[in-house]
Asks: 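Sharing a structure below in structure tokens format, with a few things to ask.
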Amino acid sequence: MTASEPVPISRTGARVERLPLARYTTLGVGGEAEVWFVSTHEQLAEAMSQPYRILGGGSNLVIADEGLRERVIRLTGPLAEADLEPDPALSTPDQIITGWVGGGVPLPGLIRKLQKLGWSNLEGTVGIPAQVGGAVWMNAGTRYGEMFDGLHTLEIVTPEGTRQVTPDDLKWGYRDSGIPRNHIVSRVRLKLRPSTPDAVLDAMNFADNARKGQPKMKTPGCAFKNPGGVSAGKLIDEAGLKGLRAGNAMIAPEHANFIVNLGGATSADVHALLDAIRSRVPVPMELEYELWPEQHGLEQA
Ligand code: FAD
Ligand code: EPU
């Protein structure tokens, strides 16, 4: 199959030799790679037998225009489906433990379903355009909640095999699950609290309100983690960098921790802005974006 043939994202077991990754990222930047759409644990094991990267919703990625040498794995089929039926053996009147939710499930749709069911714990993650696996891997969140608020069990796949862990087994924290890079979160069981659809909706709307000042253009979200709880956006703003352009990328005038693609931006444009921020903000800040491939001088967590 070639990149010119349209590939339905739900197609399971498909391997595409050269697929432009820009269309799989919210920034809209990135060259080609071989992509394996994987829907079973057997396919996953085969895909992991050679150097690989695992792609989620592409909402935290800056992929090089030159593309990638490694194959890229994307979870589809049953690994992108959610069994929200409460497990009768594990659930109690105060706590719902769901069946398995695939790492490839889009998070926004899952959050809407949980709201309709009136199940609480994950509504603080509203508005994060991730897949469940990617959001769990970096413990995505907002000031009003994070992924680890609603996790019971995680299934993690590595080239050595599959294991199940609980949050207590991991050293997780702000924007960090403690799971090593390239260990794949294939499925999770959620831990939720019975509430009402109205109460969950109110909490979602409250959390979503904090996004009013965020830009609406193509972006991978916040570039840097907040150092010591201080807004990195505020620090970048105070350094006078709002609106700074490199090629067709810009530090958003609305919120300085967002880099936006004005149309036709390159990965080099984005790296130039990251370098400018690093050199002009006096406080050390850890990168939140994932750079593919990793760049010397811009160390990632
Ligand atoms: P990707 O971007 O595809 O990948 C990111 C990393 O996760 C990569 O290292 C990848 O290998 C790894 N990964 C992906 N899937 C898996 C898997 N199944 N198993 C193991 N590792 C995996 N983030 C926040 O935390 N809070 C916010 O409020 C927020 N707001 C955002 C708003 C906008 C408009 C945008 C574009 C982004 C925002 N983000 C936010 C950033 C982004 O959504 C999160 O970082 C999210 O967790 C990325 O998940 P993803 O599935 O898109 O992962
Ligand atoms: N601020 C400025 N200038 C800016 C940006 C922010 O002065 O350019 C000020 C704001 O006025 C406000 C304070 O900084 O007083 C905090 O700003 P904001 O409410 O936007 O929160 P943040 O700390 O900058 C964090 C997360 C976001 C998340 C929001 C809402 C990080 C790195 N960022 O932003 O997460 O959506 O809170 O909960 O933790 C992401 O991680 O990708 C992300 C978007």
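Just follow the structure's listing: the first ligand is 1, and inside any ligand the first atom is 1.
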Asks: Which is it for F224 and ligand 2 at heavy atoms under 4.0 Å: side chain, backbone, both or neither?
Replies: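 Answer for F224: backbone.
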Asks: Would you check whether K225 has a nitrogen or oxygen atom less than 3.5 angstrom from a nitrogen or oxygen atom of ligand 2?
Replies: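 So ligand 2 has no N or O lying under 3.5 Å from an N or O of K225.
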Asks: What protein heavy atom is closest to atom 20 (O) of ligand 2, reported as residue, atom name and distance in Å?
Replies: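 That would be H255 NE2, 2.9 Å.
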Asks: Just by distance, with hydrogens left out, do T153 and Q164 show a side-chain donor and acceptor under 3.5 Å apart?
Replies: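 Note: T153 and Q164 side chains miss the donor-acceptor criterion.
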Asks: Think R74 forms a cation-pi with W36, using NZ or CZ under 6.0 Å from the six-ring centre and within 45 degrees of its axis?
Replies: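 That pair does not qualify as a cation-pi contact.
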Asks: In the protein, which heavy atom is nearest to atom 40 (C) of ligand 1, and how far is it?
Replies: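 Looking only at protein heavy atoms, the one closest to atom 40 (C) of ligand 1 is I128 CG2, 4.0 Å.
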Asks: Looking at atom 12 (C) of ligand 2, is any protein heavy atom nearer than 4.0 Å to it?
Replies: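 No; the ligand atom in question lacks any protein heavy-atom contact below 4.0 Å.
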Asks: Any nitrogen or oxygen of E254 lying under 3.5 Å from a nitrogen or oxygen in ligand 2? Just yes or no.
Replies: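 For ligand 2, there is no N or O atom that lies under 3.5 Å from one belonging to E254.
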Asks: Is the shortest N/O to N/O distance between T142 and ligand 2 below 3.5 Å?
Replies: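 Between T142 and ligand 2 (N or O atoms, distance only) the closest approach is not under 3.5 Å.
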Asks: If you measure from atom 26 (N) of ligand 1 to every heavy atom of A140, G57, G104, G141, which option wins on shortest distance?
Replies: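 It is G141 whose heavy atom sits nearest to atom 26 (N) of ligand 1.
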Asks: Check the surroundings of atom NZ in K212: do more than 12 heavy atoms from other residues, nucleotides or ligands lie under 6.0 Å from it?
Replies: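 Incorrect, the count does not exceed 12.
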Asks: With atom 28 (C) of ligand 2 as the reference point, say which of K234, Q214, R143, M138 has the nearest heavy atom.
Replies: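 It is Q214 whose heavy atom sits nearest to atom 28 (C) of ligand 2.
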Asks: Distance under 4.0 Å to a non-hydrogen atom of T219: what atoms of ligand 1 satisfy this?
Replies: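 Going through ligand 1 atom by atom, the ones under 4.0 Å from T219 are 36 (C).
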Asks: Could you check which of R74, M138, K225 puts a non-hydrogen atom nearest to atom 47 (O) of ligand 1?
Replies: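 Looking at heavy atoms only, the winner is M138.
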Asks: Which of the numbered atoms in ligand 1 are under 4.0 angstrom from any heavy atom belonging to A135?
Replies: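 So the answer, numbered in order with elements, is 47 (O), 49 (O).
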Asks: From atom 33 (N) of ligand 2, is the closest protein heavy-atom distance below 4.0 Å?
Replies: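 So far as the 4.0 Å threshold goes, atom 33 (N) of ligand 2 is in reach of a protein heavy atom.
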Asks: If I apply the N/O under 3.5 Å rule, does Y144 come out as touching ligand 2?
Replies: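 Among all N and O atoms of Y144, none is under 3.5 Å from an N or O of ligand 2.
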Asks: Taking Y174 for the side chain and N226 for the main chain, is one N or O donor matched with an acceptor at less than 3.5 Å?
Replies: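 It does hold such a pair.
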